Amino acid sequence: KTVHPDPATLDIIKDKGAQKAFYSEHQLPTALYELFADAAGVRQAVAAGKWSLPFVQKSRTGGYDGRGVAVIRTPEDLDHQLLPGPCLLEQLVDIDKELAVIVARNADKEMRSFPLVEMVFDPKANLVDYLQAPAEVSPEVCAAATALAERTAAAYGLSGLLAVELFLTQTGDILVNEVAPRPHNSGHHTIESCPTSQFEQHLRGVLNLPLGDTQLLRPALMLNILGEAGYQGLVQYEGVADVLAMPEVFVHLYGKTHTRPFRKMGHVTIMGDSLLECQQKAEQVKAVLKCKGAERC
């Protein structure tokens, strides 16, 4: 049987340390890093002066939606926030913007990318609050970011989708952060905003069919629906009807029966004549759409 993505590729991608080594091997720019067996090794490296604060620690496996990542800024963080188990340390990048490109590829090596998106993170939850398409960057940055994402997808040689998350630094460098070989949160807006959604495109790539049109039909913003802080348990939504009454606003709930603070429960795609209009609508959605649980926590 032919399996996509190839299991050997999945072995690399599921391990953030192996991902980093892959980028170094293929001359794909990424943040400075070092691998460690455990938190004790991290403390020893800091004590020896090999690493100085601040830095980012990432678990090599099992991390998602902000889990498995710790930003270590102070000596107290070394005592209380270090993650256990095999990990990597990464230089804390001076980030201007966080960007992403969804690249599609098939076995015939046809490749097509969705337009570059810009991600805005919730600082408390350490996951995407919303993203906007197109990204507000120069044409030169857009072209360079897309080219780097496509180089990354070609290096992996997979069929289907590869979501490539990127850092744009304050000095204008573009670095590969990490990848996901599947439909991804950074491409959910394509359901409404592109002629071919990321989900259809993934199937086209896996089945070695011609890849579909990826142009952006309208400016779009994708807002994650997160569980409200202070609530957990059986989910209760507020304001859904109000949001559905808004023009060019599309609600997608994931069918999860229970919520907890900052759990991804769905997303809202918002379209408009401009990004400013999308942003204004997003503020209206945030004001009325709430995802609460039956219990306080």
Side-chain angles (χ1 to χ4, degrees), residues 63-69 97-100 102 114-136 161 163 165 178 180 182-194 197-202 216-272 274-297:
Y64 70 98
D65 285 353
R67 294 167 179 81
V69 177
K97 294 178 183 286
E98 298 203 33
L99 309 172
I102 303 284
F114 288 93
L116 181 71
V117 304
E118 179 177 341
M119 301 180 291
V120 177
F121 280 72
D122 183 311
K124 293 182 181 179
N126 195 29
L127 51 76
V128 174
D129 181 16
Y130 69 90
L131 65 81
Q132 55 190 35
E136 292 187 290
L161 291 187
E165 298 183 10
E178 56 189 50
R182 53 173 172 80
H184 190 255
N185 196 235
S186 59
H188 286 341
H189 65 289
T190 61
I191 298 170
E192 286 86 19
S193 67
C194 296
S197 77
Q198 67 165 345
F199 298 95
E200 178 182 336
Q201 195 79 305
H202 185 57
L216 189 67
L217 300 174
R218 300 265 281 160
L221 184 150
M222 192 282 299
L223 178 68
N224 275 322
I225 302 173
L226 304 178
E228 287 284 313
Y231 291 89
Q232 66 181 10
L234 194 64
V235 65
Q236 299 173 349
Y237 290 101
E238 298 176 1
V240 174
D242 294 326
V243 173
L244 290 174
M246 298 178 186
E248 291 191 289
V249 176
F250 308 90
V251 179
H252 297 265
L253 302 180
Y254 299 160
K256 298 176 182 179
T257 59
H258 288 71
T259 186
R260 60 178 180 268
F262 305 116
R263 188 185 191 194
K264 280 184 188 173
M265 303 297 291
H267 72 270
V268 179
T269 299
I270 301 163
M271 297 168 64
S274 67
L275 283 176
L276 178 59
E277 181 185 341
C278 294
Q279 292 161 357
Q280 291 170 341
K281 287 183 183 178
E283 290 304 314
Q284 296 173 23
V285 171
K286 282 184 174 184
V288 299
L289 182 58
K290 306 295 179 183
C291 174
K292 297 181 178 179
E295 309 165 20
R296 296 300 296 261
C297 63

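All values derive from a computational prediction rather than experimental measurement.
R218 and E248 are joined by a salt bridge, as a carboxylate oxygen and a charged side-chain nitrogen come within less than 4.0 angstrom of each other.
T269 has its side chain out of reach of L221: every pair of non-hydrogen atoms, C-beta onward, lies at least 4.5 Å apart. For the pair Y231 and R296, the minimum side-chain heavy-atom distance is below 4.5 Å. In this structure, the side chains of V128 and D122 stay at 4.5 Å or more apart for every pair of heavy atoms. Looking at heavy atoms from C-beta onward, V288 lies in side-chain contact with V243 at the 4.5 angstrom threshold. Residues V268 and F250 have side chains not in contact (no heavy-atom distance under 4.5 Å, counting atoms from C-beta outward). Counting heavy atoms from C-beta outward, L99 and M119 have side chains that stay 4.5 Å or more apart.
Remark: E277 engages K281 in a salt bridge (charged side-chain N to carboxylate O under 4.0 Å, His left out) (not counting sequence neighbours). In this view, A163 and I102, A180, H184, S186 satisfy the side-chain contact (heavy atoms from CB on, under 4.5 Å) rule, not counting sequence neighbours. Considering only residues two or more places apart in sequence or on other chains, D242 meets the salt bridge (charged side-chain N to carboxylate O under 4.0 Å, His left out) condition with none of them. For E200, the salt bridge (charged side-chain N to carboxylate O under 4.0 Å, His left out) partners two or more places apart in sequence, or in a different chain, are R204.
Taking each heavy atom of C291 and T259 in turn, the nearest pair found is SG-OG1, 3.8 Å. Of all the heavy atoms in L217 and E192, the pair that sits closest is CD1-O, 4.5 Å. The nearest pair of heavy atoms linking C297 to P261 is SG-CG, 3.8 Å. Between Q198 and G187, the shortest heavy-atom contact is NE2-C, 3.3 Å.
Screening residues 259-269 for salt bridge (charged side-chain N to carboxylate O under 4.0 Å, His left out), with sequence neighbours left out, gives D65-K264. Residue pairs meeting the salt bridge (charged side-chain N to carboxylate O under 4.0 Å, His left out) criterion with at least one partner in residues 220-239, sequence neighbours excluded, are E238-K292.
Applying the side-chain contact (heavy atoms from CB on, under 4.5 Å) test between V117 and each of E98, H189, Q132 identifies H189 as the sole match.
Y254 and H188 have perpendicular rings, their planes meeting at more than 60° on a 0 to 90° scale where under 30° would count as parallel.
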Please assess Q201 against L161 for the test side-chain contact (heavy atoms from CB on, under 4.5 Å), listing each intermediate value before the final yes or no. CA-CA 7 Å; Q201 195 79 305; L161 291 187; 4.1 Å; yes

Audit row: E118, L131, side-chain contact (heavy atoms from CB on, under 4.5 Å) steps and yes/no: CA-CA 5 Å; E118 179 177 341; L131 65 81; over 6 Å; no

Working note: L223 + V285, criterion side-chain contact (heavy atoms from CB on, under 4.5 Å); need CA distance, chi angles, decisive distance, verdict. CA-CA 9 Å; L223 178 68; V285 171; 3.8 Å; yes

Before giving the answer on side-chain contact (heavy atoms from CB on, under 4.5 Å), spell out for L216 and C194 the whole-Å C-alpha distance, their side-chain angles and the decisive distance to 0.1 Å. CA-CA 5 Å; L216 189 67; C194 296; 4.2 Å; yes

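Of the inter-residue distances, the one linking Q280 atom CD with L275 atom CG reads 11.0 Å to the nearest 0.5 angstrom.
Side chains of N224 and N185: a donor-acceptor N/O pair is present below 3.5 angstrom, by distance only. Looking only at atom types and distance, the side chain of E295 has no donor-acceptor partner in the side chain of H258 under 3.5 Å away.
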